[in-house]
Amino acid sequence: MLYDLFAYLDKIDFPGAGMFKYVSFRSGMALVFALFISTTIGRRIIDRLQKLQVGEIVRDLGLEGQMKKQGVPTMGGLIIIIAILVPVLLFTRLNDVYIILMIITTLWLGALGFADDYIKVFRKDKKGLHGKFKIVAQVGLGLIVGLTLYISPNAVIRENIEVMNSSNTVETVHIHPSETKSTKTTIPFFKSNNFDYAWLASWAGKYKEEVTWLFFVLIVIFIVTAVSNGANLTDGLDGLAAGSSAIMGVALGILAYMSSHIEFASFLNIMFLPGAEELVIFAAAFIGATIGFLWYNSFPAQVFMGDTGSLTLGGIIAVFAIIIRKELLVPILCGVFLVESLSVMLQVAYFKYTRKKYGEGRRIFKMTPLHHHFQKEGSALLQYPHGIVPEAKLVTRFWLVGIILAVITIVTLKVR
């Protein structure tokens with residue numbers, strides 16, 4: 001909204017109005033506003049949740065300090081959502097297709113998570129919203145994102161073209177002058193770094209284009225579902241999901257800036273994405289909102305984000321990565337979410353297998369998701385560590401792992 005206003009003021013030579021043309025200025029403002037909003041309204045929302053007795057219901061699982069969390073307000077993801085949307089509405093170009101998709105993602109998954117939390121808190125049903133409804137909603141969002149990128153004339157790329165020298169090594173990289181619809185994405189570690197989903201449909205003959213986009217939409221659905229559920233599983237310790245998401249947001253913001261800057265795109269040998277510069281502003285708001293939320297969510301937490309926040313954060317990260325054509329980097333960038341999800345799947349599979357084979361279920365980890373393994377004593381295939389890791393130290397170590405993974409994600413663009 002403010003972008004259009006200041007664009008008009010700039011035309012009539014209003015002093016300082018030209019600053020709004022710069023992504024760096026609007027990103028900085030979005031970050032500051034998101035931090036301010038999350039820290040200022042956070043206290044009011046927490047007080048309101050306490051009055052409504054929207055408290056966490058905790059089952060005693062034998063974890064250190066677990067029962068102290070009983071009654072702590074949940075649904076704090078509302079703080080994050082508001083702190084993201086307000087700066088985005090103020091400082092971005094709202095006619096940008098990528099921003100529209102990110103706003104839809106935030107509202108869509110925010111509403112899904114809110115419904116789940118509402119059932120848990122007000123209807124006293126610990127199971128919350130039935131899993132099939134969550135999956136249907138996540139699939140629906142994946143369809144919206146995938147089909148929009150397919151249909152929209154503004155969701156285009158300018159491909160990176162390698163110029164080889166006599167020794168068959170890349171001498172220079174040019175960005176193609178024309179924009180085109182494409183199913184290409186960036187693939188890590190390979191010298192020829194663009195992967196085209198059309199390769200998956202090479203057998204489809206004259207229907208190759210339609211089948212290619214079908215594969216693309218299915219992959220989008222899978223990524224959105226996997227990452228949002230991964231973030232949901234990670235939200236089990238004070239500050240873990242919010243801090244990890246902030247780190248991923250920084251990496252995605254850097255990748256979006258590089259992809260939307262023609263010189264950086266040429267230097268890094270990645271495709272140029274016209275219009276993606278607005279996503280840098282969204283990333284800044286996302287970072288500010290998640291860091292601001294840590295003011296109240298860091299150990300010991302005064303509020304939990306609930307599914308309202310965790311599903312939203314995961315979905316935002318997934319859709320953002322898809323839009324900037326870096327979804328194949330998600331397993332590295334979202335490594336924390338990935339191992340949390342894998343730990344649950346491995347635990348369930350191994351328990352069922354050993355129960356069938358030996359008549360007694362056995363465990364790989366002391367408890368899942370993985371972060372709880374470090375908080376519990378008990379029998380399991382994996383015994384390390386032999387003591388209980390304090391929650392604050394455990395969260396900090398997960399953050400450090402997340403930082404390392406974020407750096408590796410960016411570095412992969414030059415390691416080929």
Side-chain angles (χ1 to χ4, degrees), residues 30-31 34-35 37-38 42 45 74-88 101-117 134 137-138 141-142 145 223-253 256 279 282-298 301 303-324 327 330 333-341 369 371 395 398-399 402-403 405-406 409:
L31 176 65
L35 272 169
I37 291 168
S38 57
I45 290 179
T74 187
M75 302 174 77
L78 291 170
I79 300 170
I80 298 174
I81 293 171
I82 294 169
I84 290 173
L85 290 179
V86 172
V88 167
L101 280 177
M102 295 310 303
I103 292 173
I104 290 172
T105 299
T106 305
L107 292 173
W108 187 284
L109 290 177
L112 176 64
F114 182 86
D116 190 41
D117 286 334
K134 288 185 182 179
Q138 290 165 334
L141 177 62
V145 174
I223 293 171
V224 169
T225 304
V227 179
S228 58
N229 287 331
N232 187 235
L233 289 172
T234 304
D235 182 33
L237 300 178
D238 297 353
L240 178 56
S244 299
S245 298
I247 293 164
M248 296 171 196
V250 171
L252 289 172
L279 290 173
F282 188 98
F286 178 84
I287 296 162
T290 47
I291 292 176
F293 183 70
L294 285 173
W295 185 271
Y296 301 104
N297 184 238
S298 58
V303 66
F304 299 137
M305 66 173 67
D307 286 8
T308 306
S310 59
L311 289 175
T312 305
L313 293 180
I316 286 173
I317 292 166
V319 174
F320 198 109
I322 291 163
I323 289 175
I324 63 173
E327 67 271 19
V330 162
L333 177 62
C334 302
V336 170
F337 294 169
L338 177 62
V339 297
E340 294 275 31
S341 299
H371 55 262
V395 170
F398 268 80
W399 287 352
I403 292 170
L405 292 173
T409 301

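The two atoms that bring D238 and V395 nearest to each other are O-CG2, 3.4 Å, heavy atoms only. Heavy atoms only, all atoms of each residue included: A256 and L279 are closest at CB-CB, 4.3 Å. Closest heavy-atom contact between V330 and A321: CG2-CB, 3.7 Å. S38 approaches G288 most closely through the heavy-atom pair OG-O, 3.8 Å. Smallest separation of non-hydrogen atoms from A34 and A83: CB-O, 3.4 Å. Of all heavy-atom pairs spanning L101 and V145, the tightest one is CD2-CA, 4.1 Å.
Relative orientation of the F282 and F320 rings is tilted, given thresholds of 30° and 60° on the angle between their planes.
How far CE of M305 is from OG1 of T74: 9.5 Å, rounded to the nearest 0.5 Å. Rounded to the nearest 0.5 Å, atoms CD1 (I317) and OG1 (T312) are 11.0 Å apart. The line from CG of L311 to CD1 of I316 is 11.0 Å long, rounded to the nearest 0.5 Å. For the atom pair T106 OG1 and L85 CG, the distance stands at 5.5 Å (nearest 0.5 Å). With values rounded to the nearest 0.5 angstrom, L252 atom CG is found 7.0 Å from C334 atom SG. Annotation: the span from L333 atom CG to I247 atom CD1 amounts to 10.0 Å, rounded to 0.5 Å.
Shown here is W399, whose CH2 atom has more than 12 heavy atoms of other residues, nucleotides or ligands within 6.0 Å.
Taking 4.5 Å as the limit, some side-chain heavy atom of E340 sits within range of a side-chain heavy atom of L240. Side-chain contact between S341 and N229 is absent, with no heavy atoms from C-beta onward closer than 4.5 Å. A 4.5 Å side-chain heavy-atom check between L313 and F293 finds every atom pair outside the cut-off. Contact of the S245 side chain with the F337 side chain is registered, since non-hydrogen atoms from C-beta on lie closer than 4.5 Å. Contact annotation: the side chain of I37 approaches that of I82 to within less than 4.5 Å [non-hydrogen atoms, C-beta and beyond]. Side-chain contact between L112 and Q138 is present, with heavy atoms from C-beta onward closer than 4.5 Å.
When atom types are taken as modelled, the side chain of W108 and the backbone of A137 share a donor-acceptor pair closer than 3.5 angstrom. With S228 contributing its side chain and G315 its backbone, the two residues share no donor-acceptor pair below 3.5 Å. Looking only at distances, no side-chain donor or acceptor of D235 sits under 3.5 Å from a matching main-chain atom of A241.
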